[in-house]
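Chain A is the first sequence line, chain B the second, and so forth, proteins listed ahead of strands; every chain is numbered from 1.
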Amino acid sequence: MSLLNDLNPVQQRAVLETEGPLLVFAGAGSGKTRVLTYRIAYLIQEKRVPASCIFAVTFTNKAADEMRERVERLLGASARGVWISTFHSACARILRQHIDRLGFQRNFVIYDEQDQERHLKAVMRELDLDPRIFHPRAVQSKIDQLKNEGVTPEEYLPDPYNIFQKRVALIYERYQEELRRNNALDFGDLLILVKILFRRFPEILRLYQEGCRYVMVDEFQDTNLIQYHLIQQMVKRHQNICVVGDDDQSIYRWRGAEVGNILNFENDFPRAKVITLEQNYRSTQNILRAANHMVCRNRSRKEKVLWTENRKGEPITLYAAEDEADEARFVVRKIIEQCQPSSRGAKRTYRDVAVFYRINAQSRAIEEEMIKNQIPYTIVGGLKFYERKEIKDVLAYLKLIANPSDGLSLKRVINVPPRGIGEKTIEKIEAFSRERAIPLYEGMKQALKEDWLSHGVREKLEEFVHLVEGLREERKGLSVSQLTLTLLAKTGYLDRLKGEGTEQALTRMENIDELINVMTEFERGGEVEKTGPQESSVEAFLDKVSLVTDIDLYEDKGNRVSLMTLHCAKGLEFPLVFIVGMEEGLLPHYRRGDEIEDLEEERRLCYVGITRAKERLFLSRAETRSTFGVGRANLPSRFLDELPPELIQLEERQEETESLFSQRGEWSDHFQQSEEFRWSSAAEDPFPGDGGRVLSPEEFISLRTGMRVRHPKFGEGRVLSVEGMDKEQKATILFGAVGRKRLKVCYANLEILE
DNA sequence: GTCTCTAACCTTTTT
DNA sequence: GGTTAGAGAC
């Protein structure tokens with residue numbers, strides 16, 4: 001059986017135990033994804049299970065895509081039809097088919113976190129609750145928590161002596177009612193409504209129970225109560241459930257994940273077989289030993305010891321930096337040392353390197369130093385594409401077209417671009433609609449009919465309604481991208497941006513351009529799961545966009561260093577790993593809860609980081625670090641003391657005088673001469689495939705302050721400064737003819753003169 | 001109604 | 001140090 005040849009005996013068992021409940025403890029780097037994909041392949045190929053009877057759940061779309069790809073690589077076309085999805089997408093798909101049974105319309109929209117917050121604030125304002133007393137964030141997290149536990153407003157029993165809880169009960173109820181009026185769901189609703197759907201309509205549940213003959217759950221340690229509940233419901237009929245996870249990598253407790261789900265699985269399924277994968281194929285012995293040594297301190301964990309046949313490897317490097325800038329210089333110095341083509345030995349390239357940090361804000365210092373030294377990097381998460389204003393605007397228009405009941409989107413776009421429809425008008429209509437419990441848009445139309453608005457307002461509103469109706473009409477027969485182009489033209493959004501003529505407007509237009517690219521890509525791919533007759537590609541596209549995660553957008557974009565949070569790092573591996581900010585207050589983070597479990601979660605986070613490293617691990621901390629603009633002294637992280645000292649090699653602090661500038665000189669000389677780095681030969685473009693537009697590497701990497709350049713329009717000039725990277729890179733140039741200009745390098749068509 | 005400036009917030013981690 | 005929401009000016 002050729003499929004099994006690639007697996008070790010324990011992995012083989014995990015593949016062969018297809019019937020009944022199975023729990024696989026899969027340590028870091030033990031071939032978890034491999035087991036899952038081979039298991040699916042085995043079911044289809046050897047057990048002759050139809051692909052459509054297999055359901056696999058992952059936590060990110062990226063993981064789902066990867067798994068699908070890998071199964072298809074093993075089996076080819078016969079793998080088509082396996083349902084591999086995240087919890088949230090799966091639920092969205094189920095609801096798109098059946099939600100009308102619950103009194104929503106099938107063209108519902110999904111509110112992201114920002115929408116959720118705005119929605120919540122509106123509800124609280126309506127209830128006349130002072131946001132300074134009842135912090136919307138606290139309320140939101142409480143509601144989220146309830147949803148994660150599968151508690152509906154009717155089921156919630158607040159402590160009668162707890163004012164906050166009593167208010168939450170009230171807000172929660174109104175919050176849900178208002179969502180319904182908007183025909184909108186938040187993330188939590190996706191899960192909770194499926195739960196309700198299954199409970200109220202057993203025949204629908206039965207449909208899925210029949211369909212899901214074999215169910216697999218990846219990253220099971222990160223499931224919350226309601227997710228686990230849904231899975232239990234779905235496997236009730238066939239009981240063929242295989243969950244794979246690692247309690248040591250459970251890092252989402254704060255979001256409702258229950259390690260208990262994995263630790264108690266054997267109680268819930270008494271017949272469950274248990275397999276533990278302990279051989280690690282990823283890391284050197286040293287790295288693995290360090291990781292084991294540390295995570296052993298956790299109390300609530302399943303006993304296991306990872307081992308490896310890999311070589312011992314090099315010691316772990318630890319650097320105590322002066323401050324975060326010094327720390328960044330250390331990281332860059334090491335990267336240059338390891339990746340620079342001139343050094344001897346087996347050398348690494350940028351894509352082999354990852355830098356992990358606890359919080360996104362830490363990336364800045366690293367980024368600055370990277371830019372200074374012109375090291376290409378890519379950053380995962382942080383400032384997100386789909387959170388940009390212009391993108392949200394366009395998406396709000398689309399949401400409104402798909403679902404006119406969506407009042408939040410309506411309010412967002414009604415005066416963008418400015419149409420002279422102000423807050424007062426909206427407020428009036430909002431009150432009117434709420435009273436009648438109809439959607440805002442509906443209320444607007446009613447108000448127009450009843451004609452109690454002033455003449456000017458009336459005209460403006462009529463024009464807007466006309467616009468929306470027109471677009472809704474046009475939507476038929478248009479693809480998402482075509483619809484978007486139409487919308488941009490008819491709303492005047494694009495004209496408005498064009499008219500501005502500022503740098504920022506230009507960037508916005510480029511981003512919208514990029515969004516259109518994403519849409520055409522989406523249309524071409526057509527890998528949309530068919531979800532019913534009602535659904536057009538607009539909803540499908542919006543669903544996809546609503547459910548993307550940071551890591552989904554991460555792909556190997558050419559030869560770059562990867563920067564990301566420790567949370568994002570889960571599931572990835574890199575030959576060289578840096579973990580920065582090994583300080584008390586940062587890792588473990590000071591804002592964690594004060595329960596022992598919270599500390600253990602921080603330790604696991606650190607463990608996840610360490611176990612991403614294949615060859616070398618670099619840890620660093622800073623004596624002082626500025627937060628909120630003020631410098632603070634930090635103690636070394638307690639986790640450093642939990643590493644075996646004999647595995648640690650301390651890195652000497654370098655005198656500041658020996659700055660990177662001198663090193664840079666040699667390095668850049670080398671750049672110019674090195675055969676491999678003569679990119680103009682086009683033999684190897686080191687940064688290919690960046691959003692479709694390939695920029696010339698010379699422009700990107702070798703444009704430096706003081707250079708003379710020629711611009712096709714502005715003529716010759718001198719570079720005053722350079723900022724940012726690749727597509728985002730901008731240069732300020734003093735042109736003899738037109739003076740000082742700030743340009744995007746990748747669009748500027750610059751010619752370098754000297 | 002629209003634009004601009006200040007002050008408060010902020011930083012965990014995200015489906 | 002940087003962003004964003006809300007208040008005040010035009």
For A:Glu423, salt bridge (Lys or Arg N to Asp or Glu O under 4.0 Å) partners two or more places apart: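 Expected list: none.
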Going by salt bridge (Lys or Arg N to Asp or Glu O under 4.0 Å), name the residues that satisfy it together with A:Lys142, two or more places apart in sequence or in a different chain. none
Are A:Arg638 and A:Leu599 close enough that some pair of their side-chain heavy atoms sits under 4.5 Å apart?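 A:Arg638 reaches A:Leu599 side chain to side chain.
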Heavy atoms only, 4.0 Å cut-off, all strands: where does [X] land among base, sugar-phosphate and nothing?
| X | result |
| --- | --- |
| A:Phe59 | sugar-phosphate |
| A:Arg137 | sugar-phosphate |
| A:Arg632 | nothing |
| A:Glu601 | nothing |
| A:Thr425 | sugar-phosphate |

Choose from [options] the nucleotide whose nearest atom is closest to any side-chain atom of [X].
| X | options | result |
| --- | --- | --- |
| A:Pro418 | B:dT11, B:dT13, B:dT2 | B:dT2 |
| A:His88 | B:dC3, B:dT14, B:dT15 | B:dT15 |
| A:Phe187 | B:dT15, B:dC3, B:dT14 | B:dT15 |

Taking atom [atom2] of [N] as reference, at what distance in whole Å does atom [atom1] of [X] sit?
| X | N | atom1 | atom2 | answer |
| --- | --- | --- | --- | --- |
| A:Tyr111 | B:dT15 | OH | C1' | 19 Å |
| A:Tyr252 | B:dT14 | OH | P | 6 Å |
| A:Asn61 | B:dT15 | CG | P | 9 Å |
| A:Asn224 | B:dT13 | CG | C1' | 16 Å |
| A:Arg419 | B:dG1 | CZ | P | 14 Å |
| A:Glu602 | B:dT13 | CD | C1' | 8 Å |
| A:His589 | B:dC10 | NE2 | P | 12 Å |
| A:Ile143 | B:dT15 | CD1 | C1' | 17 Å |

Looking at [X], I'd like to know whether one of its side-chain N or O atoms comes within less than 4.0 Å of OP1 or OP2 on [N].
| X | N | result |
| --- | --- | --- |
| A:Ser89 | B:dT15 | no |
| A:Asn148 | B:dT15 | no |
| A:Asn360 | B:dT13 | yes |

Any donor-acceptor N or O pair under 3.5 Å, side chains A:Tyr377, A:Glu367: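 Their side chains do contain a donor-acceptor pair, which is all the 3.5 Å distance test asks for.
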Heavy atoms of chain A, cut-off under 4.0 Å: which first and last nucleotide of DNA chain C, 5' to 3', fall inside that, if you could look? C:dG1 to C:dG2
Mutual orientation of the aromatic rings belonging to A:Tyr397 and A:Tyr493 [parallel < 30°, tilted 30-60°, perpendicular > 60°]: perpendicular
For A:Tyr111, does the six-membered ring have the charged nitrogen or CZ of A:Arg118 within the cation-pi criterion, i.e. under 6.0 angstrom from the centroid and within 45° of the normal? no
Quick check with a 6.0 Å cut-off and a 45 degree axis cone: is A:Arg93 positioned over the face of A:Trp83's six-membered ring?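 Yes.
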By a 5.5 angstrom centroid cut-off and a 30 degree plane limit, is there stacking between A:Trp254 and B:dT13? yes
Spacing of OG1 belonging to A:Thr86 relative to CG belonging to A:Leu190, to within rounding of 0.5 Å: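 Taking OG1 in A:Thr86 and CG in A:Leu190, the distance rounds to 9.0 Å.
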Contacts of A:Gly422 and A:Glu113 projected onto DNA chain B by closest heavy atom; the upstream (5') one is A:Gly422
